[in-house]
Amino acid sequence: MSTWKPLSGTQAVAEAMRQINPDVVVAYPITPQTPIVEFFAQYVANGIVDTETIPVESEHSAMSATVGAAAAGARVMCATASQGLALMWEVVAAVPGLRLPIVMPVVNRALSAPINIHCDHSDTMGATTIGWIQIFSENGQEAYENMLLAIRLAEHPDILLPAMVMQDGFITGHGVENVEIFDNDKVKAFVGERNPDRYLLDTEHPYTIGPLALPDYYFEIKRQQEEATRHVKKIYLEIGKELSKITKKEYPYFESYKLEDSDAAIVVLSSTAGTAKDTVDKMRAEGKKVGLLKPKLFRPFPYKEVRTVLKNIPVVGVLDRSMAFGAYAPVYAEIKNALFELEKRPKLQSYVFGLGGKDIFKSDIEKAFNELLSGEVSSEKERYIGLRG
Amino acid sequence: MEKKGWRELMRGADLPPASSLDYKTGSWRTLRPIWDPNKCTHCMFCVAYCPDMAISVVKSEEGVKGFNGRIYKGIVRLEADLDFCKGCGICAHECPTHAIEMIREEEATSSK
């Protein structure tokens, strides 16, 4: 029996962590992630989980302690956002190479400067090239389920890579909605326990982790990491099918919303996809054929599958909640990459919106759809939604 | 040693044992430690502090002559292994009897 609870997105993630019951959780607060570790600390204090919590004095130490515990053989989690991710970056970058299956919820927030506590994706978009699996969530429900999926994915013996599970700071992170929490026993059976085939506390079989590897081995080890990353897509679907048995939902790489016969489509991540779906419904009711693609698995990026669903759509607009200064915006760049192999490519338009938590409304998305439908787009020129002047 | 390809390597940075023996890090050196065995008490401070394990240690029953002309038996240190000594000078800094002096590499090679 599942239960419906009114939860914020951060508490939904904490609920997933309660059911996963990790051996160690390393806690350092940063807005808007703080409630995750606060709720979880309550579970620990009340004896609901038997996790060891390690409060630390900075995010750099948080990720360091996480790495240490994971290498020792524990199932470990920590959580962060924005500058916190930036401060732990040095260690974050080392985790995929160490092949430690750490799962870290990230509540997306703008990166300084100027200082801003609200949502955009510039924090995690900076971490797309180092080998973490990245899964984006539209709402608290998805964040909860993605956590369950991520832990199994990260710990799969053919993968053993860390994973970030994203949701939008404040918008879904602090916004409360009804979340379906699935039966404790079923979830516990699904997530199982971490069974590392090697770990540093196994004194019978000592090995070295993180040694020096100069030109003689570094390249080989990185190629091996890429091979593990290539396994993710297949295993993501397999584990998704297993999770479906509990949740009765499907776990594709991305959600396609009324795309099949669309004259124009929008691609957008996370909570804005919800607003965009409402817009699609409204415009469809007015007879305008529009659709939406919401990427969920962002790393590794499912290029072929995205190409398959977008290939017959005449115009595609990509809405990015972050910029890549001096380059195409991150999601736009991926969509453009995905479509390059086509002989006849859709027309493309890049939009940037919502930086630093600036609101986006259905009327904004409708305006973008109408621009796309008019065909007056430019694949080279970035457009801005909600920018003054 | 034959280098392994990426498919054969153990997962992650779990390298074959003793691969660091192939890294002759001594070529990075600008200062060379000159050890005076007559001042050495074989206290092993230098061995403990050396970041590269570049100081050779052996077991000697007959002993070696050291500080104050005494014969030091058991575990004794020998010359630094210049294949691995990076010349950081930590050994010279830590040595209680000042038995190690750091000199410039070109000085050491020209006097040979």
Side-chain angles (χ1 to χ4, degrees), chain A residues 67-68 70-73 91-102 130-133 154-162 194-202 204-232 235, chain B residues 1-33 44-59 75 77-94 102 105:
Chain A
V67 164
V91 195
V92 167
V95 183
L98 296 170
R99 305 293 300 278
L100 298 173
I102 292 163
I130 50 172
W132 282 64
I133 298 163
E155 289 177 2
H156 192 284
D158 292 343
I159 298 178
L160 288 162
L161 289 170
R194 185 184 171 202
N195 281 313
D197 60 347
R198 58 171 204 187
Y199 49 99
L200 285 183
L201 289 186
D202 180 3
E204 298 293 311
H205 305 95
Y207 73 100
T208 307
I209 186 165
L212 178 76
L214 297 184
D216 55 351
Y217 279 112
Y218 183 87
F219 198 169
E220 279 71 20
I221 288 163
K222 287 292 153 186
R223 174 64 184 86
Q224 202 181 47
Q225 185 186 318
E226 168 63 15
E227 190 67 11
T229 312
R230 288 182 192 180
H231 294 158
V232 172
I235 296 164
Chain B
M1 190 165 52
E2 186 69 23
K3 297 269 192 295
K4 290 185 175 178
W6 69 266
R7 289 169 210 276
E8 305 151 317
L9 273 180
M10 292 175 78
R11 181 181 74 241
D14 187 359
L15 296 176
S19 61
S20 61
L21 288 175
D22 289 348
Y23 299 140
K24 306 283 187 190
T25 47
S27 62
W28 306 2
R29 192 174 56 243
T30 52
L31 293 174
R32 179 182 293 198
M44 300 294 156
F45 272 31
C46 58
V47 175
Y49 277 100
C50 175
D52 285 290
M53 299 182 71
I55 299 167
S56 315
V57 174
V58 294
K59 206 172 177 184
I75 304 290
R77 71 154 280 179
L78 303 177
E79 284 282 8
D81 186 339
L82 294 182
D83 275 348
F84 300 101
C85 171
K86 295 191 192 112
C88 67
I90 291 174
C91 57
H93 185 267
E94 296 298 334
M102 303 303 292
E105 192 59 22

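All values below come from the heavy atoms of this structure, side chains included, with hydrogens, waters and symmetry mates left out.
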Next on the checklist: Counting only heavy atoms from other residues, nucleotides and ligands, does the tally under 6.0 Å from CE of B:M53 exceed 12?
Outcome noted: no
Checklist entry - B:R11 and A:R99: which non-hydrogen atoms are nearest, and at how many Å? => result CG-NH1, 3.3 Å
Checklist outcome for this item: The interface call for A:L160 against chain B, heavy-atom contacts under 4.5 Å, is side chain
Next on the checklist: For B:D83, give me all partners under salt bridge (Lys or Arg N to Asp or Glu O under 4.0 Å), at least two apart in sequence or on another chain.
Outcome noted: B:K24
Checklist entry - Tell me the salt bridge (charged side-chain N to carboxylate O under 4.0 Å, His left out) pairs involving residues 211-226 of chain A, sequence neighbours left out? => result A:R223-A:E227, A:E226-A:R230
Next on the checklist: Looking at B:Y23 and A:L214, would you say the former's side chain and the latter's main chain have a donor-acceptor pair under 3.5 Å?
Outcome noted: yes
